[in-house]
Amino acid sequence: MAEAAESQAPPGPRGTAGPKGTNRWGRRAGVLLLSALPMLAGVLPATTQAASAASGTAPGTAPAAAHGTATAASTTATAAHEAAAAPSARTGTGSRTARISVNEVTPSIPEQGDTLTLSGTVTNTSSTTLGHLRLAPRIGPTLGSRSAIDQAARRKGYLSGADGTEVAGGHSARLSGLASGVTRSFTLKIPVSDLHLGADGVYQLGVSLTGRTRNRPYDQVLGIGRTFLPWQKSSSGHPTKLTYLWPLISTPHVTARTQPDKQQTPVFRSDKLAEELAPGGRLQQMLDLGKDLNVTWVIDPDLLASVDTMARRYRVHRPGGGPDDTVAGKGQEYAKQWLNELQEAVADKEVVALPFADPDLASLAHRGTQVPGALSSLGQATTLARETVQTVLHVKPSTDFAWPYKGAVDSSIVDVATSAGAHNVIARSDSVRETGLSYSPTAARPIGSGNTALVADAPLSTAFEGDLSRAGASSLAVQRFAAQSLSLARQAPSRTRSVVVAPQRMPTVSQAQAMAAGLKALARSGWTEPSSLADAAKAKPDPGARRKMPAPSSYPASLRRTELPTAAFEQVRKTKEGLDDFKRILSRADRVEPPFATAIDREVSNGWRGDGSAARHYRDSVEKYLLELRGAVKLIKKSDITLSGREATIPVTVQNNLAQGVDGLVLELRSSRVGLDVGDPKRVKVDGEHTQSLKFDTAAKNNGRAYVYAQLYTEDGERYGKVMKFQVNVTSITSTVLLVIAGGVLLIVLAGIRMYTQRKRSGPAPDPDAPLEQPDGDDSGGTSGGDSGDGSEDTSGNDGPEDAGPEEAGPEDAGPHGDANDTERESDNPPAAGEKVDR
């Protein structure tokens, strides 16, 4: 009991009572506690049984002395010990004074005759110097259940009995004084035979540091590091068939934007994909580690398409720049090498292709089913996935598996997942919980309609999550993974079960390395053997395993908060409809549809989980670019016009700034006033980077102002672009004005005819070289009134041709003493005022 106390206080000097009789009261407390042990054992049998289970021993069974198993009484002190350890942890004293990290256990799964090597570091986390230090390996009791393994992994501080005893045989190591904050490495070698391992199972293995501090100058446990040691002396007759999914998935990288060149050079969001493909990058490590493992490759075809595009030529959006501000990408060589190595790695392996861009099935089931057309894209993404993998990797993938985010499923998610043709849904056991079985059943569960749920084992699937960048964390994850697999196999050793492991979608480099180390360790074990995912789906299910999927209300709230909102699916629908209208008018729709269609698939990817702002920005960028392209085909703004007359022509110009021709649009004018007819709609066909002017014949019934609205439509009647509005002012002409204009025109025509007739009658023109003749007397006056050929009389006065009476003598009838002279005489003698003149 004294060893279980966190303070581990030593007795005072002989003959002294210590401060205020501390030893005396301590002895009394010890006597009282010892006398109370039988009563505690009788009153709290349940507590004793729980403690025995935690230590890996059956109730009523004496623990093995070689393992230093704690007594039942010492185990019941666990709660009090943990409570006492908390304040000491805050002050950096007690069994948390130093941090022990077991960074490597070699071999991970030992066999008889092996020598176990434990290497790691010890760090003084207190504010005082540590002295008289000794590191020693400790072997604890067997952990009889999977929950016991989890409890041991979570325990902090030293717990006597539960942490076993030091391994005998002189395997400890002395350390010199350790100042505050100093870290020192260590290596301990222990023959497996010295561990005195008994029955097959999982043992807790630890390294403890014993030493002294200035305030407590006596030997005490200052820190302990724990790990697990799976032990099986002989191979099992019914090994567990284990299927491990090896995911090659990334976040969306390619935008909808392309360069206007012939190759349509794509634009990437950033060059982070090149970093993942570079030596030491995440995807490069996943490939390099996975090619030596017996795993099932689960691939997002969007990643393959992105890398294949990167291997040629691509542009990268400049951070902080405008939409068209890009720079050349630099990952071509990394992309080529990665694709070549991947083709070799999967040549004879099982490949599962997720729907293109790994759509978020849970978000779609919970938020998108009410949006028209949301489910239709899922089947298209599955078809595109198959084609992409065959084209890039030259292998035929399986597209019969759906994998919801983190394996969390409910009935609505299963319905959505199977609607696209997948007959197998990969779930996880912390979502589909067992209630009637004492062991982990086979993964396959028939769920009706010919569909199967593959329930992955949650402890094994989550074994490599978290920060594993520290060596100690990585090593502990590997040992815990191996321990869990052995504990699972020992649950029902007489059964052959099929287990699926579905890890996180995008492991970090350290997580991937730990995953590979764990699988390599299991390759040495005799309790598992690799299996394909297809075989796991065909395995005979356990009769008592749960087959009913949870209700949607049971979906974890923490995951529901990270789902895509309904507004996201509405925006996707709007973008798809805009794309459908746009591609109908293009002469080369194949240059526009693929970049946008794949970008729309990426908008609902699982890759946006936990990053809603990035998802929203990506959707906005796709929609904005589509509007930008649609806006390149537009009506040129028209100023207000005036129409003089009841009939006229109104020209309207359509501009096409795209690099390709446009056909399939209809231009329609509409007047705001009934009295103005603006003509019939006209078909629009414009070559790339050209304009077309369309003329509309108009007819006005009355004067006035009207607004005319010009609108482009697709052939199926959908509006295209914005309406253009301009004002038309109609000025109709009266009948009087029309008569005046007509009279003036007739006068000009008649005058021309008269001039022509007079010139014809006057004969040939006089010879300019002939001698001049003197006129006789006053006969010159007659010629002045005659036809001189200049029509001067038609330009003076108001006598127009239409006013000349039939009895009026023309110039050709006037003699030397005719009416012309009379007119002149009357002109020479004007009448007096008030005198009547007869004309």
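The first residue of the sequence shown is numbered 1, and numbering continues consecutively from there.
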Using the test side-chain contact (heavy atoms from CB on, under 4.5 Å), find all partners of Lys336 that sit at least two apart in sequence or belong to another chain. Ala311, Glu333
Do His690 side-chain atoms and Gly688 backbone N/O form a donor-acceptor pair below 3.5 Å? yes
Shortest non-hydrogen separation from Leu586 to Leu658 and the atoms involved: CD2-CD1, 3.8 Å
Main-chain N/O of Ala427 paired to Lys406 side chain as donor or acceptor, under 3.5 Å: no
Determine whether a donor-acceptor pair (N or O, by modelled atom type, separation under 3.5 Å) exists between the side chain of Ser363 and the backbone of Leu564. yes
Under 3.5 Å, is there a donor-acceptor pair linking the side chains of Thr714 and Arg584? no
Which heavy atom of Tyr334 sits nearest a heavy atom of Ala278, and at what distance? CE1-CB, 3.7 Å
Heavy atoms of Asn656 and Asp687 approach each other most closely as ND2-O, 3.0 Å
Nearest heavy-atom neighbours spanning Ala374 and Gly368: CB-O, 3.1 Å
Would you mind reporting whether Pro247 and Met286 have side-chain heavy atoms less than 4.5 Å apart? yes
Is any side-chain heavy atom of Leu635 less than 4.5 Å from a side-chain heavy atom of Leu667? yes
Determine yes or no for a side-chain-to-main-chain donor-acceptor pair under 3.5 angstrom, with Trp338 supplying the side chain and Leu283 the backbone. yes
Salt bridge (Lys or Arg N to Asp or Glu O under 4.0 Å) partners for Glu275, two or more places apart: none
Write out all pairs satisfying side chain to side chain donor-acceptor pair (under 3.5 Å) with one or both partners inside residues 413-424, taking only residues at least two apart or from two chains. Asp400-His423, Asp400-Asn424
Residue pair Leu364 / Val604, side-chain heavy-atom distance below 4.5 Å: no
Would you find more than 12 non-hydrogen atoms of other residues, nucleotides or ligands less than 6.0 Å from Tyr707 atom OH? no
Just checking, any donor-acceptor pair under 3.5 angstrom between side chains of Asp410 and Ser412? yes
Less than 4.0 angstrom from a charged side-chain N to a carboxylate O is my criterion; do Arg683 and Asp663 meet it? yes
Using the rule side-chain hydrogen bond (donor to acceptor under 3.5 Å, both in side chains), only one of Arg312, Gln259, Arg313 pairs with Thr265; which is it? Arg313
More than 12 heavy atoms from other groups under 6.0 Å of CZ on Arg560: yes
Could you tell me whether the side chain of Gln285 and the main chain of Glu276 form a donor-acceptor pair under 3.5 Å? no
Sub-3.5 Å donor-acceptor pair from the side chain of Thr383 to the main-chain atoms of Gly379, do we have one? yes
Donor-acceptor check, side chain of Trp403 to backbone of Asp358, threshold 3.5 angstrom: yes or no? no
Is there a donor-acceptor contact under 3.5 Å from the side chain of Tyr314 to the main chain of Gly331? yes
Nearest non-hydrogen partners of Thr382 and Ala420, listed with the distance: OG1-CB, 3.9 Å
Which residues pass the side-chain hydrogen bond (donor to acceptor under 3.5 Å, both in side chains) test with Thr649, sequence neighbours left out? Asp697
Could you check whether Arg315 pairs with Asp261 (Lys NZ or Arg NE/NH1/NH2 to Asp/Glu carboxylate O, under 4.0 Å)? no
Side chains of Arg670 and Gln711, donor plus acceptor under 3.5 Å: no
Taking atom NZ of Lys637 as the centre, report whether more than 12 heavy atoms of other residues, nucleotides or ligands fall under 6.0 Å from it. yes
Between Arg719 and Asp581, is the closest basic N to carboxylate O distance under 4.0 Å? no
Under a 4.5 Å cut-off applied to non-hydrogen side-chain atoms, are Leu384 and Thr388 in contact? yes
Salt-bridged, Asp271 to Lys330, with N to O below 4.0 Å? no
Could you tell me whether a side-chain N or O of Asp677 sits under 3.5 Å from a main-chain N or O of Ala699, the two making a donor and an acceptor? no
I'd like to know if Arg505 pairs up with Asp300 as an ion pair, taking the criterion as any Lys NZ or Arg NE/NH1/NH2 lying under 4.0 Å from an Asp or Glu carboxylate oxygen. no
Does some side-chain heavy atom of Val654 sit less than 4.5 Å from a side-chain heavy atom of Leu665? no
Just to verify, what does Asp601 make a salt bridge (Lys or Arg N to Asp or Glu O under 4.0 Å) with, not counting sequence neighbours? none
Would you name the heavy atoms of Tyr618 and Ser621 that are closest together and state the gap between them? O-OG, 2.6 Å
With a 4.5 Å heavy-atom cut-off, do Thr309 and Val254 have their side chains touching? no
Please indicate whether Lys272 has more than 12 foreign heavy atoms, meaning atoms of other residues, nucleotides or ligands, lying under 6.0 Å from its NZ. no
Parallel, tilted or perpendicular, judged at 30° and 60°: which one describes the rings of Tyr720 and Phe582? parallel
With a 4.5 Å cut-off on side-chain heavy atoms, are Tyr713 and Val684 touching? no
Per-pair distances, 0.1 Å, donor-acceptor, side chain in residues 566-574, under 3.5 Å, sequence neighbours excluded:
residue, atom, partner, partner atom, Å
Thr566, OG1, Arg367, O, 3.3
Glu570, OE1, Arg573, NE, 3.2
Glu570, OE1, Arg573, NH2, 3.3
Gln571, OE1, Arg619, NE, 3.2
Gln571, NE2, Asp620, OD1, 2.8
Gln571, NE2, Glu623, OE1, 2.9
Arg573, NH1, Glu577, OE1, 3.2
Arg573, NH1, Glu577, OE2, 3.0

Hey, is the main chain of Val389 close enough, under 3.5 Å, to the side chain of His394 for a donor-acceptor pair? no
Which of parallel (below 30°), tilted (30 to 60°) and perpendicular (above 60°) describes His366 and Tyr555? perpendicular
